[in-house]
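Each chain gets a letter, A, B and so on, in the order its sequence line appears, and its residues count up from 1. Note that the structure is predicted; figures quoted are calculated from it, not measured.
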Protein chains: 2
Amino acid sequence: MTQSAVERIRSFNRVVTLGVGALNDSYLGRGRPLGEARLLFEIGEDGAPAGALRTALGLDSGYFSRIVRSLARQGLVAVTPDPADRRRRRLALTAAGRAERAAYDALSDDLARAWLGGLDAGEQARLVAAMAEVETLMTAARVTIAPEPIDGAAARACLAAYFAELAARFEAGFDPDAGGAAEDAAMTPPDGCFLVARIDGRPVGCGALKPLDAQTAEIKRMWVAPEARGRGLARRLLAALEAEARARNRHRVRLDTNRALTTAQAMYRKAGYRPIARFNDNPYADFWFEKTL
Amino acid sequence: MTQSAVERIRSFNRVVTLGVGALNDSYLGRGRPLGEARLLFEIGEDGAPAGALRTALGLDSGYFSRIVRSLARQGLVAVTPDPADRRRRRLALTAAGRAERAAYDALSDDLARAWLGGLDAGEQARLVAAMAEVETLMTAARVTIAPEPIDGAAARACLAAYFAELAARFEAGFDPDAGGAAEDAAMTPPDGCFLVARIDGRPVGCGALKPLDAQTAEIKRMWVAPEARGRGLARRLLAALEAEARARNRHRVRLDTNRALTTAQAMYRKAGYRPIARFNDNPYADFWFEKTL
DNA sequence: GTCATTCGTTGACTTTAGTCAGGGAATTTT
DNA sequence: AAAATTCCCTGACTAAAGTCAACGAATGAC
């Protein structure tokens with residue numbers, strides 16, 4: 001990483017901070033503290049549990065409680081106890097709340113138009129494209145990849161999404177139980193591991209490593225959430241799994257894949273994997289690959 | 001302007017706000033209010049008049065006064081009365097103040113590295129390039145270029161900075177009086193003109209046009225403030241000066257430049273200027289360029 | 001059934017940010 | 001020389017943001 005890159009980011013920050021500051025100032029124009037406006041945005045169309053919103057905004061529980069009460073008094077937010085656990089609350093926007101949020105959106109749009117106003121059509125197009133690029137890469141930079149228990153909440157959510165997708169994409173469908181529960185144990189430390197990729201804490205991908213023999217590990221359960229694709233996340237998961245294999249003194253990794261997953265095959269080839277003969281009896285596998293570490 | 005462009009800006013704002021928020025939070029890690037940290041940054045290496053800093057930060061004079069006193073009590077800032085007008089104060093960083101600002105810079109660098117950390121070299125290069133593009137275009141949208149009297153406050157400030165820079169960069173130094181005061185008259189309407197570029201009202205660059213003959217105008221005094229460089233401002237100033245030449249029925253513009261100003265030469269070439277033989281007796285000129293409009 | 005824990009609320013704070021009116025000293029205008 | 005203006009400081013205020021501890025209700029663990 002060069003110093004000039006750091007310089008560039010600093011200077012980018014300075015310029016963009018002005019824009020963000022202008023946005024915040026414009027939000028204050030509606031006579032409501034910024035904290036309340038932020039919460040109004042964070043509550044989605046369908047509402048959300050209070051606790052999730054509180055942690056998302058990073059607020060103290062007492063402070064948060066007061067903000068919610070203020071918005072409720074203004075008739076913008078409806079608070080209902082969660083029927084499953086009556087300690088918990090669900091927040092949802094009322095019709096007035098939705099209207100209010102639309103008004104904030106309009107302010108934001110005005111500001112966006114002001115940004116674009118001084119530019120000709122070509123420059124506008126370049127700005128929009130560059131913003132998309134920054135956004136994609138900055139999102140990619142916020143990804144963390146770490147080992148997690150395969151029976152944890154995040155792992156189970158990823159696996160459920162993965163199996164559902166395989167069932168939809170494989171010609172012959174997919175039965176997750178074909179492998180058997182014994183597989184899970186093999187993907188557990190110390191001999192194996194299960195990695196979860198997260199963006200800002202939200203699980204968006206996974207991959208597993210299980211031992212084959214003293215020299216070889218197998219990569220399984222590679223999956224990336226649809227909304228996080230196209231940003232090199234799979235490549236990074238693969239590299240992380242290879243590092244885990246190396247850490248276990250394996251100098252060879254193998255994997256299999258189905259013919260329906262064409263982009264996965266291309267990714268494996270690009271990462272240095274070479275086709276080999278069938279090495280397992282996975283009924284869903286059409287191709288087998290190997291890479292020497 | 002399309003709705004999708006506005007959507008893109010909104011989504012860009014969301015992502016980038018996270019980064020800016022992280023930066024601000026990291027600044028708070030040094031146990032000092034953000035307002036004080038901002039002032040610490042705004043005071044340059046050489047200090048600055050209090051009034052200029054106050055308006056730059058957009059603060060109330062009472063509030064500003066308290067921030068300054070707090071920093072002075074911490075031994076970070078030295079306040080001295082302006083000898084020319086003893087109502088005014090000059091603020092300058094002490095050695096401790098410089099050290100403190102360096103510590104903030106380090107935090108900022110850490111954050112930049114964290115942004116880049118998850119990316120490979122190619123992605124880093126793409127991110128830096130896209131950031132540069134966003135910065136250029138967002139700054140460009142805020143720039144105004146307009147003719148101003150050459151003896152106005154903004155013009156004089158730009159010229160003083162320009163001459164000081166030439167004196168520092170030319171091997172032989174630079175004497176602004178060598179050209180003679182007659183030059184100024186030639187850069188005045190209707191035959192010539194003097195353009196000042198401003199960002200949010202702050203002068204950040206200039207350029208002058210003076211008549212050479214019935215077909216030809218000469219471009220002089222091209223300067224962009226160091227903090228505004230690398231964002232295509234010089235190119236826009238040049239284009240604006242060419243438009244002024246065209247408006248005066250000149251179909252040819254000429255200019256000269258010193259060998260020390262290598263980036264200027266590259267910019268002229270890229271803008272369509274071709275080297276020609278010496279056309280004047282400017283003792284500081286090493287290269288001469290011409291462009292047909 | 002008891003105990004511990006979790007979720008959210010409330011009261012009592014502090015700090016930061018910002019505003020406004022007044023005033024003293026220096027400077028400029030008349 | 002007087003009057004007006006400019007620059008900065010001070011005191012008195014307000015709103016927003018955030019922290020902390022105590023507490024009640026609901027739930028889960030044993």
Side-chain angles (χ1 to χ4, degrees), chain A residues 17 20-43 47-74 77-92 153, chain B residues 17 20-43 47-74 77-92 153:
Chain A
T17 300
V20 172
L23 186 65
N24 285 350
D25 289 350
S26 82
Y27 282 175
L28 291 177
R30 292 197 63 77
R32 187 172 290 113
L34 203 53
E36 294 186 10
R38 286 211 301 153
L39 178 54
L40 226 39
F41 274 104
E42 202 67 28
I43 303 175
L53 293 169
R54 202 182 53 225
T55 51
L57 292 169
L59 300 177
D60 171 84
S61 66
Y63 186 25
F64 182 81
S65 172
R66 265 175 271 263
I67 289 177
V68 169
R69 199 172 36 176
S70 167
L71 287 174
R73 251 200 309 258
Q74 294 169 58
V77 165
V79 184
T80 50
D82 179 340
D85 180 344
R86 294 207 317 283
R87 290 171 304 183
R88 291 200 173 90
R89 308 277 147 111
R90 262 194 87 77
L91 305 188
Chain B
T17 301
V20 171
L23 185 64
N24 285 350
D25 289 351
S26 82
Y27 281 176
L28 291 177
R30 292 197 65 77
R32 186 172 290 114
L34 205 52
E36 293 186 9
R38 286 211 301 154
L39 179 54
L40 225 40
F41 273 104
E42 202 68 27
I43 303 174
L53 293 169
R54 202 182 52 226
T55 51
L57 293 170
L59 298 177
D60 171 86
S61 68
Y63 185 26
F64 182 80
S65 172
R66 266 175 270 263
I67 290 177
V68 169
R69 198 171 37 176
S70 167
L71 288 174
R73 251 200 309 257
Q74 295 170 58
V77 165
V79 184
T80 50
D82 180 337
D85 180 345
R86 295 206 317 282
R87 291 170 305 182
R88 292 198 172 89
R89 308 276 147 112
R90 263 194 87 76
L91 305 189

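- Rounded to 10°, the angle separating the first-five-pair axis and the last-five-pair axis of the helix from C:dG1-D:dC30 to C:dT30-D:dA1 equals 20°.
- In the set D:dA16, C:dT9, C:dT27, the nucleotide with an atom closest to the side chain of A:Pro33 is D:dA16.
- Listed here is the closest heavy atom pair of B:Leu28 and B:Leu34: CD2-N, 3.9 Å.
- Taking all atoms of both residues into account, the shortest heavy-atom contact from B:Arg86 to B:Arg89 is O-NH2, 4.4 Å.
- Nearest heavy-atom pair across B:Leu53 and B:Glu42 is CD2-O, 3.5 Å.
- OP1 or OP2 of D:dC7 has at least one side-chain nitrogen or oxygen of B:Arg88 nearer than 4.0 Å.
- Rounded to whole angstrom, the span from the CZ atom of B:Arg86 across to the P atom of D:dT6 amounts to 20 Å.
- When the side-chain nitrogen and oxygen atoms of B:Arg89 are compared with OP1 and OP2 of D:dC7, none of them lie within a distance under 4.0 Å.
- Taking atom CZ of B:Arg66 as the reference point, atom C1' of D:dT14 lies 13 Å away to the nearest angstrom.
- Side chain of A:Arg88 to backbone of A:Gly51: no donor-acceptor contact under 3.5 angstrom is found.
- For A:Leu34, taking side-chain heavy atoms from C-beta onward, the closest of the listed nucleotides D:dC9, D:dA17, C:dA26 is D:dA17.
- Nearest to the side-chain atoms of A:Ser65 among the listed nucleotides C:dT9, D:dG18, D:dC8 stands C:dT9.
- Closest heavy-atom contact between B:Ile43 and B:Ala92: CG2-CA, 4.1 Å.
- Rounding to whole angstrom units, CG of residue A:Leu57 and P of D:dG18 are separated by 10 Å.
- Each of A:Asp82 and A:Gly31 was assigned the nucleotide of DNA chain D with the nearest heavy atom; the assignment lying further toward the 5' end belongs to A:Gly31.
- At a threshold of 4.0 angstrom between heavy atoms, the contacts of A:Asp60 include nucleobase atoms, whether or not backbone atoms are also involved.
- Taking side-chain N and O atoms only, B:Arg69 has no distance below 4.0 Å to OP1 or OP2 of D:dC9.
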Between A:Gln74 and A:Leu40, is the side-chain contact (heavy atoms from CB on, under 4.5 Å) condition met? List the steps.
CA-CA 12 Å; A:Gln74 294 169 58; A:Leu40 226 39; over 6 Å; no
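- Heavy-atom distances to DNA chain C give each of A:Arg87 and A:Tyr63 a nearest nucleotide, and the one nearer the 5′ end belongs to A:Arg87.
- One atom, CD1 of B:Ile67, and another, P of D:dC8, lie 15 Å apart when rounded to the nearest Å.
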